[in-house]
Amino acid sequence: MKKIGIVYGGKSAEHEVSLMTAKAVIAALDFSKYVVTPIYITLDGEWVCGETLQAPVEDAESLRFAGTGQKDSIEQFVTLASNKTSRFDVVFPVLHGPNGEDGTIQGLFEMMNLPYVGNGVLASSAGMDKVVMKQLFHQAGLKQVPYLYSIHSQYEGNKAAFLDACEQELTYPLFVKPANLGSSVGITKAKNRAELEKAIDFAFTYDRKIVVEQGIVAREIELSVLGNDEPTVSIAGEVLPTKDFYDYSAKYVDGTTNYAIPAEISEAELHDLQQAAIAAFKILDGSGLVRADFFLTDSGEVYINEVNTLPGFTPISMYPKLWIASGKTYSQVVEELIQLGLERFEEKQHRVTTRNEDDAQ
């Protein structure tokens with residue numbers, strides 16, 4: 001049996017989403033195939049390595065107490081993961097947002113030479129930072145809505161100039177977002193200057209960098225990407241929010257959002273969306289998974305909004321829903337992700353071994 005560590009929780013504003021994702025992933029694992037160890041990171045950053053699970057947990061809240069009951073430290077995980085007897089065969093991080101989805105924990109796994117599921121350091125960090133992501137999409141030739149960005153110190157130095165630029169170069173309504181956050185946390189829609197200034201101040205409470213995007217009249221279409229060097233793409237789904245926009249509460253709390261899966265689009269539109277999703281995945285040097293989010297206008301124009309390198313993986317989340325509608329079960333998607341992580345690690349190890357052998361000759 002392979003030893004798998006599920007790392008969840010974390011210090012980000014998406015802590016609760018991570019708990020729900022962890023519960024669902026653990027429930028999808030084959031306990032006759034994997035020895036499952038929960039690794040909980042508290043909101044204040046303490047690591048708690050729990051006892052081996054004998055069965056899936058009953059509810060997401062119980063994952064807070066899956067550990068020893070004591071707040072330990074990262075040293076416990078490092079010791080456990082470095083020991084030849086207890087060493088994990090693979091680690092499955094289900095941490096959303098900063099300190100989990102942004103390349104930081106992926107860097108830790110790389111330094112420890114641990115196989116892990118999902119995107120590597122570069123794709124994770126670039127995919128988390130909306131400004132860097134947009135700049136890469138521009139290089140890939142992907143169409144995007146107009147936007148501006150600012151860091152906090154620059155904005156504080158001359159608020160009026162940035163607000164003026166937003167009104168001169170963009171058109172209301174505007175969406176203001178923290179650059180480094182997901183699950184629609186910290187996002188506000190602004191319809192005038194007063195609302196814009198308030199939205200910017202709010203977004204800066206989450207991150208030192210913010211993005212202001214021009215609103216667009218379009219349908220919200222999402223696709224799931226799975227793979228490494230040769231990724232595959234799911235069918236498309238449409239988000240049908242009953243609120244003003246698809247916010248955190250609509251995604252995870254109140255269940256008010258409706259989805260059309262598959263989306264009612266033409267074959268040509270689906271082809272364009274799938275090709276754009278692959279292009280976005282590859283320009284980030286993705287591996288494992290991303291969810292690619294697009295705007296589709298009535299005239300058939302495709303605008304990429306963003307990708308999420310560790311999308312919500314709860315039973316009501318779009319990423320697994322799209323693969324289920326494409327013919328895979330939730331458990332099959334989880335198993336494929338584990339195998340993709342192992343394959344990437346084995347390829348890396350092969351390169352290192354080959355290089356060392358060549359150097360020795």
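Excluded from the calculations below are hydrogen atoms, water molecules and symmetry mates; all remaining heavy atoms, backbone and side chain alike, are included.
Hydrophobic side-chain contacts under 4.5 Å tie Val35 into a cluster, directly or through other members, with Met1. By the 4.5 Å side-chain criterion applied to Ile, Leu, Val, Met, Phe, Trp and Tyr, Val217 is assigned to no cluster and stands alone. By the 4.5 Å side-chain criterion applied to Ile, Leu, Val, Met, Phe, Trp and Tyr, Val145 is assigned to a cluster that also includes Ile216, Phe295, Tyr303.
Asp293 contributes no side-chain N or O that, together with a main-chain N or O of Val307, makes up a donor-acceptor pair within less than 3.5 Å. At distances below 3.5 Å, not a single donor-acceptor pair connects side-chain atoms of Asp102 with backbone N or O atoms of Asp129. Panel note: side chain Ser317, backbone Tyr319; no donor-acceptor pair is recorded below 3.5 Å. Between the side chain of Thr52 and the backbone N or O of Thr37 there is no donor-acceptor pair closer than 3.5 Å. Proximity of a side-chain donor or acceptor of Asn228 to a complementary backbone N or O of Gly288 within less than 3.5 Å is detected. Looking only at distances, no side-chain donor or acceptor of Glu238 sits under 3.5 Å from a matching main-chain atom of Ala260.
Note: the hydrophobic cluster containing Phe92 also contains Leu226 (ILVMFWY, side chain heavy atoms under 4.5 Å, direct or indirect links). Residues Val225 and Leu122 fall into different hydrophobic clusters, defined by Ile, Leu, Val, Met, Phe, Trp and Tyr side chains chained together at heavy-atom separations under 4.5 Å. Cluster annotation: Ile261 is not connected to Val290 through the hydrophobic network of ILVMFWY side chains, with a link wherever side-chain heavy atoms come within less than 4.5 Å. Residues Leu29 and Val90 are members of one and the same hydrophobic cluster, defined by side-chain heavy-atom contacts under 4.5 angstrom among Ile, Leu, Val, Met, Phe, Trp and Tyr. In the hydrophobic clustering of ILVMFWY residues, with side-chain heavy atoms under 4.5 Å counting as a link, Ile26 and Leu289 come out together.
Contact detail for Tyr116 and Val121: the closest heavy-atom pair is OH-N, 4.1 Å. Shortest non-hydrogen contact noted between Thr314 and Pro320 is O-CG, 3.4 Å. The two residues Gly227 and Phe281 make their nearest non-hydrogen contact at O-CZ, 3.4 Å. Across every non-hydrogen atom of Gly186 and Tyr206, the tightest pair is CA-CE1, 3.6 Å. Nearest heavy-atom pair across Ala280 and Phe137 is CB-CE2, 3.6 Å.
The aromatic ring centres of Tyr330 and Phe313 sit less than 6.0 Å apart. Tyr40 and His15 have their aromatic ring centers within a separation under 6.0 angstrom.
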**Request:** Tell me, with the steps shown, if Thr329 and Ser331 meet side-chain hydrogen bond (donor to acceptor under 3.5 Å, both in side chains).
**Result:** CA-CA 5 Å; Thr329 67; Ser331 293; 4.9 Å; no
**Message:** Using the rule given for salt bridge (Lys or Arg N to Asp or Glu O under 4.0 Å), can you reason through Glu213 versus Lys130, listing the C-alpha separation, both sets of side-chain angles and the distance that settles it, and then say yes or no?
**Reply:** CA-CA 11 Å; Glu213 297 176 355; Lys130 291 180 175 61; over 6 Å; no
**Prompt:** Taking it one step at a time, do Ile265 and Leu296 satisfy side chain to side chain contact (heavy atoms under 4.5 Å, CB included)?
**Reply:** CA-CA 9 Å; Ile265 57 178; Leu296 178 64; 3.6 Å; yes
**Message:** Could you go through Asp89 and Tyr34, starting from their C-alpha distance and side-chain angles, then the distance that decides it, and tell me whether this counts as side chain to side chain contact (heavy atoms under 4.5 Å, CB included)?
**Reply:** CA-CA 10 Å; Asp89 293 293; Tyr34 295 106; over 6 Å; no
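Aromatic ring orientation, Phe204 versus His152: perpendicular (interplanar angle above 60°, classes split at 30° and 60°).
Once rounded to the nearest 0.5 Å, the distance linking NE2 of His271 with CD of Glu267 reads 10.0 Å. A distance of 10.5 Å separates NZ of Lys143 from CG of Asp272, quoted to the nearest 0.5 Å. Interatomic distance, Ile200 CD1 to Ser150 OG, rounded to the nearest 0.5 Å: 8.0 Å. Taking CD from Glu197 and CG from Asn192, the interatomic distance works out to 11.0 Å, rounded to the nearest 0.5 Å.
By the neighbour-count criterion of 12 heavy atoms within 6.0 Å, atom CZ of Arg87 is densely surrounded, having more than that number from other residues, nucleotides or ligands.
Ion pair Glu110/Lys348 flagged as a salt bridge, since at least one NZ, NE, NH1 or NH2 atom sits closer than 4.0 Å to an Asp/Glu carboxylate oxygen. Residues Arg193 and Asp164 are paired through a salt bridge, judged by an N-O separation under 4.0 Å between the basic side chain and the carboxylate.
Tested against Tyr172 for a side chain to side chain donor-acceptor pair (under 3.5 Å), the candidates Glu195, Glu167, Lys191 yield a single pass: Glu167.
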